> 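Sending over a structure as structure tokens; questions will come in a sec.
Side chains are part of it too, since the values below use all heavy atoms of this structure and drop only hydrogens, waters and symmetry mates. Everything numeric here is computed off the predicted structure, so don't read it as measured data.
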Amino acid sequence: MTNASAKHEEDDSLLRRQTDPVWLQDHYLGTGHTEETNSATFTFIKRRGRIYAVTCGHVVDQLSNPVSVPDARLPTLALQIDRGVLNLSQVTGIGRITHTTRAAEKNETHREIDIAITPLSESYWSILTKRKNKTAIDLDAWREPRWESVKMCVAAGYPNEHKEHLEVDGRDMVGASFMRAIAAVSSMLGRD
């Protein structure tokens, strides 16, 4: 293995550890969980000692779209761990669903910033770190880069396409492809 390929694998490993697929599904899995189940990406962030999962605001919008979560009585966002489900919602005593993931405000046509965020409980984060080796981007340790030195930017995640049915240790699973995109900076970046 060359130094370049070892570095590539190390970068992918960190990117995978900081992200995970999030599934748009019924709270009680009443509609099942297959490669047809819509998904998106969560990125894990740490800020002031709390862990958050961040995605796009338009992902949360899709929970109210019956085409995106077909036949779901209680559509939610969920993380999967083996056969376990970490729902990011609660069902009230009268059968209503409340979501923990909140999107930025939106006017009639769009939102200024396409972002949604949910705080993760300590128990959820403990499961994610122990069972999936997840880690969060520590925003408190972040330092502003020397913008004139930035030559490339990267985006990573799990696109909704290219999922597949897998059998792992005799269990049926759904695999989500991990992708990363690297963009060369064509002009100098700045704080804005």
> Within the structure provided, determine whether Gln18 and Lys134 are in side-chain contact (heavy-atom separation under 4.5 Å).
no
> Regarding Asn133 and Lys130, do their side chains bring together a donor and an acceptor under 3.5 Å, going by distance alone?
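Result is no, nothing qualifies.
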> For Arg73 and Asp26: C-alpha separation, side-chain torsions, deciding distance, then whether salt bridge (charged side-chain N to carboxylate O under 4.0 Å, His left out) applies.
CA-CA 7 Å; Arg73 194 172 142 272; Asp26 185 73; over 6 Å; no
> Enter the distance from Thr76:OG1 to Gln90:CD here, rounded to the nearest 0.5 Å.
9.0 Å
> Determine whether the side chains of His33 and Gln25 contain a donor N or O and an acceptor N or O closer than 3.5 Å.
yes
> Are Ile127 and Lys132 packed together at the side-chain level, in the sense that at least one heavy-atom pair is separated by less than 4.5 angstrom?
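Of all side-chain heavy-atom pairs linking Lys132 with Ile127, none is under 4.5 Å.
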> Kindly give the heavy-atom pair with the smallest separation between Leu79 and Pro21, and that separation in Å.
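Here Leu79 and Pro21 meet closest at CD2-O, 3.4 Å.
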> Are Ile51 and Leu77 co-members of a hydrophobic cluster defined by side-chain heavy atoms under 4.5 Å apart?
yes
> Check for a donor-acceptor pair, side chain of Asp82 on one end and backbone N or O of Gly84 on the other, with a separation under 3.5 Å.
no
> Would the distance check show the side chain of Arg96 and the main-chain N or O of Gly93 forming a donor-acceptor pair, the cut-off being under 3.5 Å?
no
> Is any side-chain heavy atom of Val69 closer than 4.5 Å to a side-chain heavy atom of Asn38?
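No - every pair of side-chain heavy atoms lies 4.5 Å or more apart.
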> Return the OG to NE2 distance between Ser89 and His27, rounded to the nearest 0.5 Å.
4.5 Å
> Hey, does Leu88 have a side-chain heavy atom less than 4.5 Å from the side chain of Tyr124?
yes
> For the residue pair Thr41 and Thr19, confirm or rule out a side-chain donor-acceptor distance under 3.5 Å.
no
> I need the minimum non-hydrogen distance between His165 and Glu35, along with the two atoms involved.
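Nearest pair, atom of His165 first, then Glu35: CB-OE1, 3.5 Å.
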> Starting at CG of Leu86, measure out to CZ of Arg131 and round the result to the nearest 0.5 Å.
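It comes to 9.0 Å.
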> Any idea which heavy atoms bring Ala103 and Val60 closest together, and the distance?
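Minimum heavy-atom contact is CB-CB, 4.4 Å.
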> Indicate yes or no: at least one non-hydrogen side-chain atom of His162 is less than 4.5 angstrom from one of Phe178.
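The answer is no, as the side chains (C-beta and beyond) never meet within the 4.5 Å cut-off.
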> Among residues at least two apart in sequence or on other chains, which ones pass salt bridge (Lys or Arg N to Asp or Glu O under 4.0 Å) with Lys46?
none
> Would you find more than 12 non-hydrogen atoms of other residues, nucleotides or ligands less than 6.0 Å from Ile113 atom CD1?
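Incorrect, the count does not exceed 12.
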> Could you check if a side-chain atom of Phe44 sits within less than 4.5 angstrom of a side-chain atom of Leu120, using non-hydrogen atoms only?
yes
> Nearest 0.5 Å, please: how far is CG in Leu63 from OG in Ser68?
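Here the interatomic distance stands at 8.5 Å.
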> Verify the cluster assignment for Phe42 and Ile81: are they in a single hydrophobic cluster under the rule of side-chain heavy atoms below 4.5 Å apart?
yes
> Measure the CD1-CG distance between Ile45 and Asp138 for me, rounded to the nearest 0.5 Å.
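Separation between the atoms: 9.5 Å.
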> What do you reckon, is CG of Asn107 surrounded by more than 12 foreign heavy atoms closer than 6.0 Å?
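Yes - once you tally the heavy atoms of other residues, nucleotides and ligands closer than 6.0 Å, there are more than 12.
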> Provide the closest heavy-atom pair for Ala116 versus Thr101 in the form atom of the first, atom of the second, distance.
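Residues Ala116 and Thr101, closest heavy atoms: CB-CG2, 3.9 Å.
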> If I take atom CH2 from residue Trp23 and atom OH from residue Tyr158, how far apart are they, to the nearest 0.5 angstrom?
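The OH atom of Tyr158 is 10.5 Å from CH2 of Trp23, to the nearest 0.5 Å.
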> Do the side chains of Gln80 and Val85 get nearer than 4.5 Å, heavy atoms only?
yes
> Would the number of heavy atoms belonging to other residues, nucleotides or ligands and lying under 6.0 Å from CD of Glu148 be above 12?
yes
> If every non-hydrogen atom of Ala40 is compared with every non-hydrogen atom of Val59, which pair is closest and at what distance?
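Closest approach of Ala40 to Val59: CB-CG2, 3.6 Å.
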> Do Tyr52 and Ile137 land in one hydrophobic cluster if side-chain heavy atoms of ILVMFWY residues count as linked below 4.5 Å?
yes
> Would you say that Thr37 contacts Thr31 through its side chain, given a criterion of any heavy-atom pair below 4.5 Å between the two side chains?
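Thr37 vs Thr31: side chains apart.
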> Give a yes or no answer on whether the side chain of Arg17 reaches the backbone of Thr135 with a donor-acceptor pair at less than 3.5 Å.
no
> Between Arg47 and Asp140 (salt bridge meaning N to carboxylate O under 4.0 Å), is one present in this structure?
yes
> My understanding is that only residues two or more places apart in sequence, or in another chain, count here; which of them pass side-chain contact (heavy atoms from CB on, under 4.5 Å) with His58?
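side-chain contact (heavy atoms from CB on, under 4.5 Å) list for His58, sorted by chain: Cys56, Asp61, Asp114.
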> Which heavy atom in Ser39 sits nearest to a heavy atom in Pro159, and how many Å separate them?
OG-O, 4.0 Å
> Quick check on the hydrophobic clustering: are Leu139 and Val54 connected, directly or via other members, by side-chain heavy-atom contacts under 4.5 Å?
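They do share one cluster, since a chain of ILVMFWY contacts under 4.5 Å joins Leu139 to Val54.
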> Applying the 4.5 Å side-chain criterion to the ILVMFWY set and letting contacts propagate, would Val154 and Val185 be lumped into a single cluster?
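Per the 4.5 Å side-chain linkage, Val154 and Val185 are not co-clustered.
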> Can you list the steps and then say if Leu166 with Val174 is a side-chain contact (heavy atoms from CB on, under 4.5 Å)?
CA-CA 6 Å; Leu166 303 169; Val174 176; over 6 Å; no
